[in-house]
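So you know, we letter chains A, B, ... as the sequences are listed, proteins then strands, and number each from 1. Computed from a prediction, not measured in an experiment: that's the story for all the values here. Below, each value reflects all heavy atoms present in this structure, side chains not excepted, and no hydrogens, waters or symmetry copies.
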Amino acid sequence: MPELPDLEIFAINLEKQFKNKTLESVKVIVSKKLNVTETELREALEGHKLTEVLRVGKTLQLRFGGGNILGLHLMLHGRLMPVTEDPPKHQIIQFQFAGGNAFALTDFQKQATPTLNPPENRVPDALSQEFNISYLKRAVAKKQTTIKQVMMDQKIVRGIGNAYADEILWKARISPKSAANKIPEPRLKELHQAIDDVLRTEIINLTRALPDVYDTEVRDFLVIHGAGIKESPTGHKIKVETIGGRKAYYTDEQELFV
DNA sequence: GTGCGTGTTAAACT
DNA sequence: CAGTTTAACACGCA
């Protein structure tokens with residue numbers, strides 16, 4: 001159940017293990033979410049080297065020699081797991097590389113989605129150049145919903161999920177319940193800065209914590225979002241409330257704009 | 001046994 | 001009609 005920083009680490013660590021290795025075979029165990037047939041997938045990918053692994057929004061892209069790209073969306077419960085003598089449960093798709101190493105995408109809920117050659121998406125990534133302050137200003141101007149829902153809307157900006165939205169809004173000192181179009185411009189700038197800070201800092205933390213693995217998530221660095229957390233780093237009691245159908249964790253340090 | 005969940009989508013609302 | 005809310009997905013975990 002990864003978010004952007006986790007996916008960034010998975011991409012880096014998958015590259016460490018599999019970059020420039022030839023994909024010997026790809027096996028489709030659950031095909032319901034795949035956009036092509038297993039035969040088409042094998043013809044596109046087998047025998048080609050994995051040239052690059054990128055994170056794009058909440059997806060990973062496995063890029064292969066020959067120009068084909070396999071997108072992977074892990075959804076809520078998807079995981080990437082090494083395939084060993086004791087293979088992982090609930091496999092969706094499995095990748096066997098020359099040299100004997102293999103990994104699989106798993107998901108007990110069967111929601112994780114592999115997509116061959118995913119269509120270009122014009123929505124900016126949260127860490128991209130295109131996601132700048134003027135874009136954010138334009139995006140929120142039309143929106144009367146809460147700022148938290150806007151931040152998590154993948155049609156507006158790609159990559160921010162429920163947990164990091166809470167972390168970012170606390171850092172920006174803006175209430176998640178604030179109306180998006182009522183946030184003054186200086187505070188929007190702070191929000192933009194907080195998005196960048198929180199995500200990039202988390203990537204650095206996770207790089208240090210997980211130098212090699214792509215099958216593990218660490219949530220040790222969250223300071224606001226989590227059932228076990230009672231107080232913010234500055235000692236304010238954390239409140240929990242459902243906003244837009246998902247749990248929001250926040251404190252009264254965060255200013256409400258309505 | 002109970003309740004909950006880091007995402008997305010279609011259906012059902014307003 | 002457009003925007004917003006809900007249920008469903010199906011299992012592991014506390």
Using the salt bridge (charged side-chain N to carboxylate O under 4.0 Å, His left out) definition, which of the options Arg55(A), Arg200(A), Lys58(A) pairs with Glu8(A)? Arg55(A)

For Thr145(A), which contact category applies under a 4.0 Å heavy-atom criterion: base, sugar-phosphate, or nothing? sugar-phosphate

Same-atom distance (P) from dG3(B) to dA7(C), integer angstrom: 15 Å

Closest non-hydrogen atoms of Gly78(A) and Pro2(A), given as atom of the first, atom of the second and distance, are O-CD, 4.0 Å

Please report the closest heavy-atom contact between Val30(A) and Gln91(A), naming both atoms and the distance. CG2-O, 3.6 Å

Of all the heavy-atom pairs spanning Asn35(A) and Thr115(A), show the shortest one and how long it is. ND2-CG2, 3.3 Å

Heavy-atom contact window of chain A on DNA chain C, given 5' to 3' at under 4.0 Å: dT4(C) to dG12(C)

P atoms of dT9(B) and dC1(C), separation to the nearest Å: 23 Å

Parallel, tilted or perpendicular, as decided by the 30° and 60° cut-offs, for the rings of Phe108(A) and His77(A): tilted

As an exercise, state the distance from CD1 of Ile168(A) to CD of Glu202(A), rounded to the nearest 0.5 Å. 10.0 Å

Which atom pairs link the protein and nucleotides 7-11 of chain B when you take only N or O atoms and keep those under 3.5 Å?
{"from": "dG7(B)", "atom 1": "OP1", "to": "Lys58(A)", "atom 2": "NZ", "distance (Å)": "2.7"}
{"from": "dG7(B)", "atom 1": "OP2", "to": "Asn162(A)", "atom 2": "N", "distance (Å)": "3.2"}
{"from": "dG7(B)", "atom 1": "N7", "to": "Arg246(A)", "atom 2": "NH1", "distance (Å)": "3.0"}
{"from": "dG7(B)", "atom 1": "N7", "to": "Arg246(A)", "atom 2": "NH2", "distance (Å)": "3.0"}
{"from": "dT8(B)", "atom 1": "OP1", "to": "His73(A)", "atom 2": "NE2", "distance (Å)": "3.0"}
{"from": "dT8(B)", "atom 1": "OP2", "to": "Lys58(A)", "atom 2": "NZ", "distance (Å)": "3.2"}

Mapping Gln149(A) and Lys32(A) to their closest nucleotides on DNA chain C, which lands nearer the 5' end? Gln149(A)

Salt bridge present between Asp166(A) and Lys247(A) (N-O < 4.0 angstrom): no

Pairing annotation in dot-bracket form, given for DNA chain C with Watson-Crick or G-U pairs under 3.5 Å and | for cross-strand partners: .||||||||.||||

Please say which of Gln254(A), Glu255(A), Glu190(A) ends up in a side-chain hydrogen bond (donor to acceptor under 3.5 Å, both in side chains) with Arg173(A). Glu190(A)

What's the shortest heavy-atom distance between Val150(A) and Ile156(A), and which atoms? CG1-CD1, 3.8 Å

Would you measure the distance from the P atom in dT8(B) across to the matching atom in dG12(C) and give it in whole Å? 23 Å

Verify the ring-centre separation between His192(A) and Phe131(A): is it less than 6.0 angstrom? yes

In this structure, is the centre-to-centre distance between the rings of Phe103(A) and Phe18(A) below 6.0 Å? yes

